[in-house]
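Structure record follows, encoded as structure tokens.
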Amino acid sequence: MVDPVQLILRIAYYYSRVLGVLNFEINVETGLARITSRASIYAILANGLVVILLISISNGLRVMRLFTQAGHMHEYLYLVVHGVRFTSLVATLFNRWWQRRRLIQLVNGLRRLAIRKPNVMRFWRRGIIYKTITYLLPEIVQVVLTLMYLWPYLTSGLALDSVGLYLLAILVNLTVTHYFFAVLNVHSHYALLNQEIESVFAEICSLEHVHRRATVMSKCCSLADQLEGIALTQSELQSLSETMLQTFEIQGLCIFIHTYTTIVTAIYYMFSTIKQNIDKEWNFFFIFVYIFQVFFYFADCLVTISNVLFVLDNHSKMVELMEHFSTISPGLDERLETVIESFQLQLKRNPLKISILGLYNVERSNVMSIISSLVINSLVLIQYDLQYKIVSKELSL
């Protein structure tokens with residue numbers, strides 16, 4: 001029976017290869033990544049074709065002529081989002097070539113960890129399914145909305161522009177998905193390690209009631225080996241996390257800027273278009289589908305951001321779990337106590353930090369500040385739109 005999660009991963013891989021977002025090959029059976037001439041040549045051609053097509057469309061942007069009813073603010077915001085998407089895509093494609101060997105090292109490093117810890121795959125499932133749903137639904141609804149709105153005006157040139165703009169959105173979202181899956185791997189391994197630490201701690205506590213010294217010594221030796229293995233895995237995982245941050249640092253900044261501008265524009269666009277078209281061209285079904293798309297776009301952003309925060313939460317939980325070992329009665333086993341102290345020191349000496357190009361660290365407090373900024377800027381744009389309409393009406397009188 002085919003595993004749906006494995007099927008999703010394979011489809012995402014081939015989808016990325018076809019669009020040229022991945023410039024190396026991954027063996028779908030073993031997961032081993034490697035550079036090949038075939039993958040390199042195809043990626044060069046695909047990247048070049050995409051950039052030429054998007055530049056050609058950006059010079060014309062005939063699609064923009066259909067949105068004159070939304071006002072000049074809408075046109076400017078749409079151009080800003082388009083510019084940010086185009087810049088983000090070009091920067092990401094350039095970064096993929098620049099960091100290709102490091103990205104391959106990251107993929108193969110995560111592969112080695114997954115082979116050693118096959119149970120980690122069950123932690124992927126929910127995240128991959130959530131991401132697939134929140135990624136596909138807005139894309140499908142966007143196609144439906146575009147066809148519904150542009151069908152009366154559709155020409156060959158307009159169709160080409162629409163396909164190009166849709167392709168740009170797909171490529172940007174696909175690069176975000178790659179970052180999501182890399183972070184999901186780290187998150188899943190941390191969650192599995194925390195479970196193993198809890199199991200070790202429970203077994204150590206149970207030894208306090210065992211009176212046979214030989215049994216205690218044998219069990220402590222085994223538990224020390226387990227905890228030492230967990231510490232080595234955590235050290236390797238944190239090293240891979242640092243490699244991941246270095247590999248995706250430019251892309252991370254692009255994702256942040258793109259997401260910020262898109263959300264602000266989406267909020268303003270939802271208010272403006274519904275206000276202007278609710279009694280004209282739009283019916284209830286159209287408005288419902290549009291709100292449905294916006295909802296799942298926000299859900300997709302929430303899934304992506306939460307995935308990053310879960311990594312930090314799991315690392316903090318690991319530090320707390322190791323602090324619990326200090327409550328164990330001393331003198332149980334010298335080697336076990338040494339391993340515990342070494343692991344605790346390792347976590348304190350190398351705290352996990354996720355930053356955006358070194359500009360600021362990703363933390364829950366910073367995320368709340370960003371959400372507040374999004375709301376404020378969206379309200380400013382809406383207020384400006386309302387004020388502009390009032391002034392325009394007074395001048396017309």
Side chains of Y260 and N377, donor plus acceptor under 3.5 Å: yes

Close side-chain approach of N23 and S40, heavy atoms under 4.5 Å: no

Polar side-chain atom of S235 near backbone of A231 as donor-acceptor pair, under 3.5 Å: no

Polar side-chain atom of E196 near backbone of I230 as donor-acceptor pair, under 3.5 Å: no

Any donor-acceptor pair under 3.5 Å from N47 side chain to G20 backbone: yes

Interatomic distance, T338 atom OG1 to E228 atom CD [nearest 0.5 angstrom]: 10.0 Å

L232-V120 co-clustered via ILVMFWY side chain contacts under 4.5 Å: no

Shortest non-hydrogen contact between H258 and S88, atoms and distance: CB-OG, 4.1 Å

From R125 atom CZ to I8 atom CD1, the distance as rounded to the nearest 0.5 Å: 9.0 Å

Ring geometry between F201 and H324 (parallel below 30°, tilted from 30 to 60°, perpendicular above 60°): tilted

Backbone of M322 reached by a side-chain donor or acceptor of Q344 within 3.5 Å: yes

Sole residue of W98, F256, Y179 in ring pair (Phe, Tyr, Trp, His ring centres under 6.0 Å) with F248: Y179

Short side-chain to backbone donor-acceptor contact, S316 and L312, under 3.5 Å: yes

Side-chain heavy atoms of I133 within contact of F296, under 4.5 Å: yes

Residue pair A33 / V107: nearest heavy atoms and the distance that separates them: CB-CG1, 3.8 Å

S306 side chain vs V303 backbone, donor-acceptor pair below 3.5 Å: no

R38 atom CZ: more than 12 heavy-atom contacts under 6.0 Å: no

Inter-residue atom distance T233.OG1 - R112.CZ, 0.5 Å rounding: 12.0 Å

Side chain to side chain, V50 and L89, heavy atoms closer than 4.5 Å: yes

L9 reachable from V18 in the ILVMFWY side-chain graph, under 4.5 Å edges: no

T36 and R34, any side-chain heavy atoms less than 4.5 Å apart: yes

Presence of salt bridge, E198 and K317, under 4.0 angstrom: yes

Side-chain (T265) to main-chain (T262) donor-acceptor, under 3.5 angstrom: no

Note, L352 side chain near V311 side chain (heavy atom, < 4.5 Å): yes

From CG (L113) to NE2 (H189), nearest 0.5 Å: 4.5 Å

Modelled atom types, side-chain donor and acceptor of Y13 and R17, under 3.5 Å: yes

Connected via hydrophobic side-chain network under 4.5 Å: M121 and I115: no

Distance (rounded to the nearest 0.5 Å) between L106 CG and R111 CZ: 13.5 Å

Heavy-atom closest pair, residues L93 and W97: O-CD1, 3.1 Å

L110-V28 co-clustered via ILVMFWY side chain contacts under 4.5 Å: yes

Residue pair Q234 / F343, side-chain heavy-atom distance below 4.5 Å: yes

Minimum heavy-atom distance Q251-V176, with the two atoms named: NE2-N, 4.0 Å

Min side-chain heavy-atom separation L22-H178 under 4.5 Å: yes

Polar side-chain atom of Q238 near backbone of N350 as donor-acceptor pair, under 3.5 Å: yes

Side-chain H-bond candidate by donor/acceptor type, R122 with S188, under 3.5 Å: no

Hydrophobic cluster membership, V319 vs I197, 4.5 Å side-chain cutoff: yes

Side chain to side chain donor-acceptor pair (under 3.5 Å) evaluation trace for R96 with T175: CA-CA 10 Å; R96 288 294 170 90; T175 58; 5.5 Å; no

Any side-chain heavy-atom pair of R85 and L171 under 4.5 Å: no

Gap separating the CG atom of L309 from the OG1 atom of T304, nearest 0.5 angstrom: 11.0 Å

Smallest separation among heavy atoms of V339 and A224, with atom names: CG1-O, 3.9 Å

Among F310, F181, F180, the one residue meeting ring pair (Phe, Tyr, Trp, His ring centres under 6.0 Å) with H187: F310

R116/E236 salt bridge by N-O under 4.0 Å criterion: yes

Heavy-atom closest contact (D300 atom, Y135 atom, distance): OD1-N, 4.0 Å

